[in-house]
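Just the heavy atoms: all of them, side chains too, but no hydrogens, waters or symmetry mates, feed the values below. Just so we're on the same page: letters track the sequence lines, and every chain starts at 1.
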Amino acid sequence: MNRIDATFARLRAEGRTALIPYITTGDPSLDGTLEVMRALVASGADAIELGVPFSDPMADGPVIQRASERALAKHVGLKDVLAVVRRFRERDRNTPVVLMGYANPVESMGVRDFADRAKDAGVDGALVVDYPPEEAADFAATLHERDLATIFLLAPTTPPSRIARVAALARGFVYYVSLRGVTGAAHLDTGDVARRLSEIRRHVKLPVGVGFGIRDAASARAVAAHADAVIIGARIIQEIENGPPDGAAERAGAWLATIRRALDAMPAKRAA
Amino acid sequence: MQMNDLPDARGHFGPYGGVFVAETLIGALDELRSQYDEARRDPAFRAEFERELKHYVGRPSPVYHAERWSRELGGAQIWLKREDLNHTGAHKVNNCIGQALLARRLGKPRVIAETGAGMHGVAAATVAARYGLECVVYMGSEDVRRQVQNVYRMKLLGATVVPVESGSKTLKDALNEAMRDWVTNVDTTFYIIGTVAGPHPYPMMVRDFQSVIGRECLVQMPEAAGRQPDVVIACVGGGSNAMGIFHPYVSHEQVELVGVEAAGEGIGTGRHAASLTAGRPGVLHGNRTYLLQDENGQIVETHSVSAGLDYPGVGPEHAWLKDSGRASYVTITDAEALAAFHACCRIEGIIPALESSHALAYAAKIATAMPKDRILLVNLSGRGDKDMATVAERSGLDFAAPAAATRS
């Protein structure tokens, strides 16, 4: 069993919700990213989404765009991201790492080459934002051959017929985008999230993570009541960018710990 | 398969095109595709489009024999398709009218657009005013600074111009920002993309609206020149004016199609915008196509004297025409384009856009060595009024000095 499935199985048995932070690799630096990853795990992250910087992050709001630009200013590319994962794995054999990014850096490396190198580095899955399932059949097959998960997005505008099609290619978990807009936007309707998740669960047997727009303990708890995983990106990057780079890991870890405590204070979920 | 049956149902031109967007935009694109499928078969929609092109844009635009220039070059005959005479001064308005009519059909009260030099922004703002739609135009802050006149034109027309500060602060970043607006406001907003790029159905739809250019030429050239041209030449940035004149000629196999990319300061310098000539396939802005990118797959900054060609990608149908060999793609430098610009001004009394000057430069380059009975048809895609400041700066013209002093 791969690390993503094992982690969700364990959390399900414990009646807990997964907490998955997103950070952009190379922000504030490659060494800094490694420190932030370790700090986030120490503060209760169940898995880490590691962003691959891209020059044209169309689906991201200003906060993650800035993180991407800071990383690109240091010329951080996909091969550097894989090197960070390899270093992370030297000390952490259990925490799943999912890469999140855009298609072009992957295609530039070559899909097969990417899959081999990701597997070898200790990556567990990948979410390519601009690969909808219609364009991702080869990509998914290539990753699945290596037991790498393919995570796909579902949106408030995704009709039921499509949910099933997405689910057919998805492995690990699916990622429900909880609002209309880009990452880091600020108007989360948790009632709507609850309704949509019950629709999604009719078609998807995988765990469902929810992200985009979760920025504090209250919104995290509201989402955790319905989701298998709470995914937080822009808010953590704000902790990283608001202060000197050498304190980034400490700030990100301390902030995530407040969310972890809020989630752990919730009553345990009954396994369905 | 007939080349002009493309794209397939999911927007592919061979390996190019497609729908490479986040799930959050799939619903909007599905709606657009089905609405456009209906509209293109609806005689009332087509009739309204044609009526607007005739009475508002001033179509058909003439084909014009550049006799003096052809004589001076001493070879092939150069003919110009006069898209510069359209309302708003370029071919861009053809597409904006089509998409604004679709926006109205979909009941969307707000349109957004990206723009580089500002010509598509001006065309979008123009048709938004014409149909009473709210209009927001995204423009890289670097371009806002370089194209003050067009910013002012858009504001006069009632549009809001939003300077984009991210990335390289140019056209590609404006496109990213427009996509972000669209995904956030998708219920009320129609995104008017200005070129034959982006996710399906945009490359097909923009091509269809712009194909009026080539369809008119098919009728006009036999009437005016006695036959179809031997070569059709057009500049290629994103590629909408080229696709518009090429598409109806694709099935006329004896007609050679040549796209002219911007070589900027020279392909060898790296400061250019020639995606088909010097790029490699990748995924950007919703489609797979040739891109200018570095070894990590990051999109690189481009350069051209003409802002309208300053784009690191190109429409996917051009990528397909290149690979299939049906069209060929060449390059012209800033200096060559400027020389053609001046020649066209002085010899024909026509001030061409710097974008179109790339196509003119290539025509002039090959005409000399060709027999006099050969016909080159150049798409003069826009007029150069917007380029006065750039040309003055590049050519050392001083507008304040007496006219005679600047002639020599």
Using heavy-atom distances under 4.5 Å, tell me whether A:Val177 contacts chain B through its side chain, its backbone, both, or neither.
side chain

Going through the distances and angles, do B:Ser166 and A:Arg66 end up as a side chain to side chain donor-acceptor pair (under 3.5 Å)?
CA-CA 8 Å; B:Ser166 58; A:Arg66 284 199 301 271; over 6 Å; no

Expected output: side-chain B:Arg180 to main-chain A:Ala59 donor-acceptor under 3.5 Å
no

Out of A:Pro156, A:Pro132, A:Gly77, return the one with the most heavy atom pairs under 4.5 angstrom to chain B.
A:Pro132

Go through it in stages, so that I can follow the logic: the residues are A:Thr158 and B:Glu23, the test is side chain to side chain donor-acceptor pair (under 3.5 Å), and I'd like the CA-CA distance, side-chain angles, deciding distance and then a yes or no.
CA-CA 7 Å; A:Thr158 307; B:Glu23 182 64 27; 2.9 Å; yes

Are B:Gln298 and A:Ser108 close enough that some pair of their side-chain heavy atoms sits under 4.5 Å apart?
no

Does a sphere of radius 6.0 Å around CG in A:Asp216 hold more than 12 heavy atoms from other residues, nucleotides or ligands, not counting ones at 6.0 Å or beyond?
yes

Taking atom CD of B:Glu295 and atom CG of A:Leu78, what is their separation to the nearest 0.5 Å?
12.0 Å

With chain A as the partner, which of B:Met179, B:Lys172, B:His12 has the greatest number of non-hydrogen pairs under 4.5 Å?
B:Lys172

Counting only heavy atoms not in B:Glu265, do more than 12 fall under 6.0 Å of its CD?
yes

Counting heavy-atom pairs closer than 4.5 Å to chain A, which one of B:Ala22, B:Ala28, B:Gly27 comes out on top?
B:Ala22

Check whether any side-chain heavy atom of B:Asn296 lies under 4.5 Å from a side-chain heavy atom of A:Lys79, and answer yes or no.
yes

Whether A:Glu69 side chain and B:Gly167 backbone form a donor-acceptor pair below 3.5 Å:
yes

Choice from A:Ser68, A:Pro133, A:Ala155 maximising heavy atom contacts with chain B below 4.5 Å:
A:Ala155

Heavy-atom pairs under 4.5 Å with chain A - which of B:Val300, B:Thr24, B:Asn185, B:Asn176 has more of them than the others?
B:Asn176

Can you measure from CG (B:Leu25) to CE (A:Met58) and round to the nearest 0.5 angstrom?
6.5 Å

Proximity breakdown for A:Val76 and chain B, heavy-atom pairs closer than 4.5 Å
backbone

For the interface with chain B, which of A:Tyr131, A:Phe152, A:Phe54 has the highest count of heavy-atom pairs at distances below 4.5 Å?
A:Phe54

Please look at A:Glu134 and chain B and tell me whether the side chain, the backbone, both or neither of the residue comes under 4.5 angstrom of a heavy atom of that chain.
both

Report which part of B:Leu175 has an atom under 4.5 Å of a heavy atom belonging to chain A: side chain, backbone, both, or neither.
neither

Inspect the contact between A:Glu135 and B:Arg288 and indicate whether a charged nitrogen and a carboxylate oxygen are less than 4.0 angstrom apart.
no

Between chain B and each of A:Asp56, A:Leu72, A:Val106, count heavy-atom pairs under 4.5 Å; write down the option with the most.
A:Asp56

Please examine the side chains of B:Glu177 and A:Gln65, heavy atoms only from C-beta on, and report whether any two atoms are closer than 4.5 Å.
yes

Engaged part of B:Ile26 at the chain A interface, taking heavy atoms whose separation is under 4.5 Å
side chain

Quick one: does A:Tyr102's side chain get under 4.5 Å of B:Leu284's, heavy atoms only?
no

